[in-house]
Amino acid sequence: MRNYRNWKGKLVLIVAVLFYSPLFAQQSQRLTQNWEFLKGDLGGIYEAIRPVKAGNPESVPVWEQVILPHCFNAKDAVTPDVNYYQGPGWYRTQLTISNPYKSGRTLLHFEGAGQKTKVYIYDVLVAEHVGGYDEWTADITDAVAAFRKNPLFEKQFKGKIPVEIRSDNSRDLEMIPSDLSDFNVYGGLYRYLNLRYVPQVSAEKVFATASVDAKGALGALNISAKLLNPDGVDTVMVNIKVKDPQGKLVASFNKEWKAFYGKKDLWGTTLKQPKLWSTENPNLYTVEMSVTANGVAAVHTEKIGFRNFEFVKKGPFMLNGKRLLLRGTHRHEDHAGVAAAMTEDQIREEMVLMKSMGVNFIRLGHYQQSRIVLDLCDSLGILVWEEIPWCRGGLGGESYKNQARTMLRNMVEQHYNHPSVIIWGLGNENDWPGDFSEFDQHKIREFMKELNDLSHVLDPSRKTAIRRCDFCRDIVDVYSPSIWAGWYRGIYTEYKEVSKQEFDKVDNFLHVEWGGDSHAGRHSENPDNALSLVTQGKGADERAGDASLFGGSARVSKDGDWSESYIVNLIDWHLKEQETMPWLTGAAYWPFKDFSTPVRPDNPIPYMNQKGVVERDLTKKESFYVFQSYWTTDPMIHVYGHSWPVRWGAANEEKMVKVYANLDEVELFLNGKSLGKKKRNSPDFPAAGLRWMVRFNEGQNTIKAVGKKDGKVFTDEITQEYQTAKWDKPAKLVLEKVSEKDGIATIRVKMLDKNNILCLDAQNYISFGLTGDGTLMGDLGTARGSSKVQLGNGRAEISLKMNKGKSVASVKADGLATAFVELN
């Protein structure tokens with residue numbers, strides 16, 4: 001089991017780093033409470049502000065109380081058999097505005113809102129924004145001042161300021177990302193919205209360029225900034241302080257300037273032997289800049305890090321002069337029950353869990369993500385590839401291109417200071433047509449060149465990259481082809497060979513996106529059977545139609561069992577091979593967590609991409625521990641099969657038991673009897689040699705693994721039933737309540753044959769229903785939180801809130817009688 005002792009202490013540091021974000025530099029508050037939401041559109045802005053009395057005709061449409069962050073699609077993104085909602089929605093609240101600064105500015109700061117947004121103060125439109133992922137600010141100062149003069153300010157709104165926001169995620173071919181993308185284009189105020197008060201003059205952006213030579217002997221720091229100075233104040237005093245990771249002042253600067261417009265270089269300095277930022281020791285310096293005008297100071301704080309990185313031409317990746325194998329994954333902003341509207345606590349939990357798996361690199365797919373994510377990458381030591389959402393569909397017109405340019409500029413400027421960022425991504429799967437009648441590779445190349453040049457102008461210190469667009473691979477600094485060995489094409493044992501072939505085609509190769517889907521709780525005694533159907537020697541690069549579950553050549557993604565057992569083998573092979581590829585910069589598994597997608601309605605969990613190593617609610621799959629066994633040093637040991645209650649086979653048949661651990665030696669016990677010790681040996685596939693062939697007893701069996709490190713004992717234990725009875729075709733469903741705690745009941749369905757034998761290979765779709773006082777917890781997008789789901793080894797579960805009442809639960813499957821159970 002995982003040892004988390006190192007991460008408990010780091011949480012304190014993470015909170016401290018987040019506190020010093022620029023967001024908190026001035027007076028600021030998150031606007032989370034007292035919001036109302038309306039799904040759909042209004043006939044006009046007056047419908048959101050007119051005075052109403054309950055029961056009157058103008059009291060409709062009905063608004064609901066919500067808490068921000070909030071996403072339109074928290075549930076319907078994974079509701080089976082329907083398309084998720086794409087259209088407008090409205091939010092409204094009333095704010096008490098009290099700016100403490102004389103002549104100060106009052107701002108609404110959006111950390112992200114999807115996808116087109118309009119902001120009103122009473123009935124006045126004060127700001128608009130296009131794009132769902134970059135930060136932006138609405139200056140409401142003048143509109144607030146004007147509304148205070150309106151008699152309704154006191155009469156109707158009792159001294160508060162009415163704010164209304166229209167958010168719209170309607171389909172639009174002239175916007176990025178494309179709706180053909182393998183993720184939902186969510187709607188709503190799904191990231192934090194902040195009310196900020198700043199003085200008359202403040203720093204709108206601070207750019208801190210920190211660099212160090214490869215030996216770490218001399219660091220350089222250059223500071224530039226943009227001012228927010230709408231009144232045109234003539235003179236400002238700028239003071240800059242630099243503090244080391246322990247808070248000691250190491251450099252400072254003070255100068256009076258004529259007020260400037262646009263980005264201006266302010267100061268440069270050097271630091272001898274700076275404490276380097278790395279994935280193991282993410283040392284962060286603090287840059288504190290104060291801008292004083294008319295005697296009032298605005299303070300802006302940034303965290304920075306000194307590090308040197310290099311993608312060696314035709315070679316590996318170097319960090320601070322030493323080779324670092326990038327051990328990566330991917331992240332979508334998506335979570336069970338809330339979709340994109342993840343709280344800071346949820347984001348932190350996810351990122352800390354990711355680091356505990358051994359991740360030192362992440363690609364943020366496929367759009368700019370929350371500043372919270374980047375702050376956590378800085379403090380945890382996770383290198384970042386972040387990209388704009390030019391994803392699939394082709395290339396649109398000038399408004400389309402302008403949005404891409406603007407989003408690239410905003411991403412670079414807003415996340416410029418994060419030492420974790422090493423790559424700006426310019427696109428993903430841009431060889432995928434479908435949104436326009438024209439698909440012109442030459443025009444796509446020309447626009448990719450433009451974005452590449454713009455990125456290097458905005459930030460010469462970082463690399464550019466794209467994934468899967470071979471006809472553009474020579475444009476960017478780093479290229480990732482599409483290699484899905486053992487899933488969409490080929491078999492996983494071809495991984496190294498295919499990767500080397502692709503590596504030889506470019507100067508800098510980085511393999512992002514590999515892996516495959518697994519249905520949590522589904523296991524197999526013969527997981528690699530589908531490999532025998534797949535043509536070998538034809539490469540492993542994904543091609544048009546490979547992602548479909550229908551037609552085309554044999555491939556594991558279509559013809560395999562989608563078991564955790566298979567994916568564990570695939571991952572195990574990839575990881576042991578990566579350790580033997582000295583030229584490899586690194587690779588990133590796709591993705592860390594299952595996420596919702598509109599283009600996969602036929603998956604075992606409808607509308608879910610199930611390639612994660614954790615489920616959508618962060619429940620770990622077995623594959624999580626395979627990564628830990630290769631990538632971590634804190635002692636861990638895990639017997640495969642915690643979510644596999646029943647194994648099957650003939651009496652006395654030998655079955656493989658696998659243990660994933662990073663310990664040198666492990667001893668296995670079956671029903672209390674030692675089966676011997678084995679040494680861990682990474683090249684010895686599977687499970688690095690930690691595998692035993694055992695004969696289970698009929699019925700219950702206890703499996704225990706024991707290992708040692710530094711004199712300490714580490715153990716893991718599971719209990720599995722062994723079934724020797726063979727089953728016939730499915731004949732009936734049996735539904736039962738299996739637990740209840742704190743008002744939450746769990747029910748389980750089993751698929752049995754005519755002799756009441758559990759059908760352990762059954763994969764039928766089943767649908768849960770409920771009538772009565774309870775509430776079914778069925779829109780979570782997890783194996784145990786979906787009202788429609790495929791069985792895993794002949795069973796499925798779901799939970800419900802009892803609400804202190806009585807209910808009748810049901811389950812149905814095509815061709816079988818519906819089963820019921822009473823709950824009270």
Side-chain angles (χ1 to χ4, degrees), residues 28-77 79 84-98 106-129 132 136-138 140 143-144 147-148 150 152-170 186-196 337-344 775 779:
S28 177
Q29 69 178 100
R30 285 176 172 168
L31 300 176
T32 59
Q33 305 293 323
N34 302 316
W35 286 90
E36 291 182 299
F37 168 68
L38 177 68
K39 183 178 179 180
D41 215 349
L42 296 173
I45 185 60
Y46 188 62
E47 281 198 292
I49 55 178
R50 65 187 174 194
V52 298
K53 293 183 179 179
N56 286 2
E58 60 267 25
S59 66
V60 296
V62 177
W63 297 65
E64 63 175 300
Q65 297 286 328
V66 298
I67 296 173
L68 300 188
H70 176 268
C71 180
F72 296 179
N73 313 109
K75 293 185 178 181
D76 69 8
T79 299
Y84 76 109
Y85 176 75
Q86 291 183 273
W90 283 84
Y91 297 87
R92 69 182 182 186
T93 192
Q94 296 175 24
L95 299 178
T96 299
I97 303 292
S98 181
T106 300
L107 312 173
L108 290 178
H109 172 249
F110 292 78
E111 295 184 24
Q115 297 287 316
K116 300 176 183 176
T117 311
K118 294 183 178 181
V119 182
Y120 296 82
I121 299 298
Y122 190 59
D123 61 353
V124 177
L125 178 65
V126 295
E128 295 184 71
H129 184 78
W136 55 283
T137 298
I140 63 173
V144 168
F147 184 70
R148 290 184 192 275
N150 188 320
L152 294 177
F153 173 59
E154 293 292 350
K155 183 178 180 180
Q156 181 180 340
F157 294 97
K158 311 303 180 186
K160 293 188 176 183
I161 303 297
V163 178
E164 307 86 43
I165 301 172
R166 185 183 189 269
S167 181
D168 186 4
N169 69 330
S170 297
Y186 284 129
L189 301 182
Y190 48 62
R191 293 188 191 157
Y192 287 107
L193 172 59
N194 311 286
L195 175 63
R196 300 180 61 188
V338 298
M342 293 182 68
T343 65
E344 182 175 342
T775 305
D779 293 309

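All figures in this text were calculated on a predicted structure; none of them were measured in a lab. Nothing fancy with the numbering, it's 1 onward along the sequence.
- Listed here is the closest heavy atom pair of Lys75 and Thr79: O-OG1, 3.1 Å.
- In this structure, the side chain of Asn56 does not engage the main chain of Glu58 through any donor-acceptor pair within 3.5 Å.
- Although no hydrogens or angles enter the test, the distance criterion places a donor-acceptor pair under 3.5 Å between the side chain of Ser167 and the main chain of Gly114.
- With rounding to the nearest 0.5 angstrom, the NE2 atom of His109 is 12.0 Å from the CG atom of Leu195.
- Tyr122 pairs by the side-chain hydrogen bond (donor to acceptor under 3.5 Å, both in side chains) definition with nothing, not counting sequence neighbours.
- Tested against Leu31 for a side chain to side chain contact (heavy atoms under 4.5 Å, CB included), the candidates Leu95, Val163, Leu189 yield a single pass: Leu95.
- Judged by distance alone, with hydrogens and angles left aside, the side-chain atoms of Asn194 form no donor-acceptor pair with the main-chain N or O of Arg196 at under 3.5 Å.
- Proximity of Asp123 to Pro162: side-chain heavy atoms (C-beta onward) are nowhere separated by under 4.5 Å.
- Nearest heavy atoms, Ala74 versus Ala339: CA-CB, 3.8 Å.
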Item to check | Step-by-step side-chain contact (heavy atoms from CB on, under 4.5 Å) determination, Asn169 to Asn73 | outcome: CA-CA 10 Å; Asn169 69 330; Asn73 313 109; 3.6 Å; yes

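- Using a 30° and 60° split on the angle between ring planes, Tyr91 and Phe72 fall in the parallel class, below 30°.
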Checklist entry - Between Asn34 and Gln94, does a side-chain hydrogen bond (donor to acceptor under 3.5 Å, both in side chains) hold up when you go through it step by step? => result CA-CA 8 Å; Asn34 302 316; Gln94 296 175 24; over 6 Å; no

Item to check | Worked verdict on Ile45 versus Trp90 for side-chain contact (heavy atoms from CB on, under 4.5 Å) | outcome: CA-CA 10 Å; Ile45 185 60; Trp90 283 84; 3.6 Å; yes

Item to check | Derivation of the side-chain contact (heavy atoms from CB on, under 4.5 Å) call for Glu36 and Gln65 | outcome: CA-CA 5 Å; Glu36 291 182 299; Gln65 297 286 328; 3.5 Å; yes

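- By the 30° and 60° cut-offs, the orientation of the rings of Phe147 relative to Phe157 is perpendicular.
- Taking 4.5 Å as the limit, some side-chain heavy atom of Ile165 sits within range of a side-chain heavy atom of Leu193.
- Pairs engaging residues 156-165 under the side chain to side chain donor-acceptor pair (under 3.5 Å) rule: none recorded [sequence neighbours left out].
- Ring-plane geometry between Phe110 and Trp136 is classed as parallel, the angle between the planes falling under 30 degrees on a 0 to 90 degree scale with a further cut at 60.
- Here the CD1-CG distance, from Ile121 to Leu108, works out to 6.0 Å after rounding to the nearest 0.5 Å.
- Within the structure, salt bridge (charged side-chain N to carboxylate O under 4.0 Å, His left out) pairs that include any residue of residues 38-50 comprise Lys39-Asp76, Asp41-Arg166, Glu47-Arg50 (at least two apart or interchain).
- Residue Glu111 holds its CD atom at 10.0 Å from OG1 of Thr137, rounded to the nearest 0.5 Å.
- Side chain of Tyr192 to backbone of Glu344: a donor-acceptor contact under 3.5 angstrom is found.
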Next on the checklist: If you apply the rule side-chain contact (heavy atoms from CB on, under 4.5 Å), what do you find for Phe153 with Ile161, and how did you get there?
Outcome noted: CA-CA 7 Å; Phe153 173 59; Ile161 303 297; 3.6 Å; yes

